[in-house]
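Reading through the structure tokens given below for one structure.
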Amino acid sequence: MPRKARRSGVKFIEDERNRSLTFFKRRSGLFKAVSDLSALTGARVVMVLECENERFSSFGTPKADPIVDAFLSGDAPTESDTSEEQKAVIINLQNELFQLEKDKAMEDKWKKENMLRAKEIQGTSRKAKYVYGKVEDLDATELYEMYHELSRIKQEISDRLPWFRSMPSNVATLPMYFPYAPSQISFQ
């Protein structure tokens with residue numbers, strides 16, 4: 001498997017979707033690094049990020065608010081009243097939160113991609129038009145084709161599953177004469 005070419009330098013990402021995904025991944029990585037720094041050194045750390053849409057993300061260990069307040073007021077930060085056990089619990093919860101955010105972002109991405117694929121297929125495929133489309137949007141020829149395709153599927157199921165034949169049919173059957181069958185349409 002060939003290796004992916006390495007980037008040469010850092011440049012602005014033009015595609016909005018890729019840019020937001022990169023921001024999320026990098027933000028999570030930065031927050032993880034800040035959490036690790038705090039856990040390894042015992043330092044009280046805070047990080048605040050602002051993204052393009054003017055939303056802020058903040059992360060602090062053990063809490064961001066007291067550190068930010070001390071910074072803005074110019075006072076020395078007050079001592080933290082959290083024990084080592086509480087710090088460990090906070091770090092574990094922060095790690096779980098990051099993982100959940102990452103999973104949610106990936107799930108959202110997959111949902112969007114699946115919806116786009118479904119819409120693309122719906123626009124190009126006749127069978128998808130039958131499945132995703134509305135009955136009102138189908139013309140007489142398409143309805144007739146759909147009826148015959150469903151009848152063929154029903155017969156195939158019946159052939160493969162003998163017990164299916166003995167089940168009562170709740171499906172209304174079309175009369176032998178279908179007024180809009182393509183072979184019966186006459187344009188005068």
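Values below: all heavy atoms of this structure, side chains included; hydrogens, waters and symmetry mates excluded.
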Would you kindly say whether Ser38 and Arg44 are connected by a side-chain donor-acceptor distance under 3.5 Å? no
Any luck finding a side-chain donor-acceptor pair between Asp103 and Gln99 under 3.5 Å? yes
Would Glu96 and Asn92 count as having a side-chain donor-acceptor pair, cut-off 3.5 Å? no
Measuring from atom CZ of Arg27 to atom NZ of Lys102, what distance do you get when rounded to the nearest 0.5 angstrom? 13.0 Å
Test: salt bridge (charged side-chain N to carboxylate O under 4.0 Å, His left out). Region: residues 14-24. Which pairs qualify, not counting sequence neighbours? Arg17-Glu113, Arg19-Glu52
hydrophobic_cluster_shared for Leu97 and Val34, side chain cutoff 4.5 Å: no
Looking at side-chain heavy atoms only, is the closest gap between Phe59 and Val46 below 4.5 Å? no
Report yes if the distance between the aromatic ring centroids of Phe24 and Phe98 is under 6.0 Å, otherwise no. no
Got a second to check how far Ser58's OG is from Met47's CE, nearest 0.5 Å? 11.0 Å
Closest approach of Thr41 and Leu37, non-hydrogen atoms and distance? OG1-O, 2.7 Å
When rounded to the nearest 0.5 Å, the distance separating NZ of Lys25 from OG of Ser28 is 10.0 Å
Enter the distance from Ser57:OG to Glu101:CD here, rounded to the nearest 0.5 Å. 8.0 Å
Between the CD1 atom in Ile67 and the CG atom in Leu72, the distance rounded to the nearest 0.5 Å is 12.0 Å
What side-chain donor-acceptor pairs closer than 3.5 Å can you find for residues 105-112, not counting sequence neighbours?
unit_1: Glu107; atom_1: OE2; unit_2: Lys111; atom_2: NZ; d: 3.4
unit_1: Asp108; atom_1: OD2; unit_2: Lys104; atom_2: NZ; d: 2.9

Interatomic distance, Thr22 atom OG1 to Ile13 atom CD1 [nearest 0.5 angstrom]: 3.5 Å
So, for Glu54 and Glu50, which heavy atoms are closest and what is the spacing to 0.1 Å? CA-OE2, 3.6 Å
Short question: side chain of Ser35, backbone of Phe31 - any donor-acceptor pair under 3.5 Å? no
Could you tell me whether Glu149 and Lys154 make a salt bridge, using a distance below 4.0 angstrom between a side-chain N and a carboxylate O? no
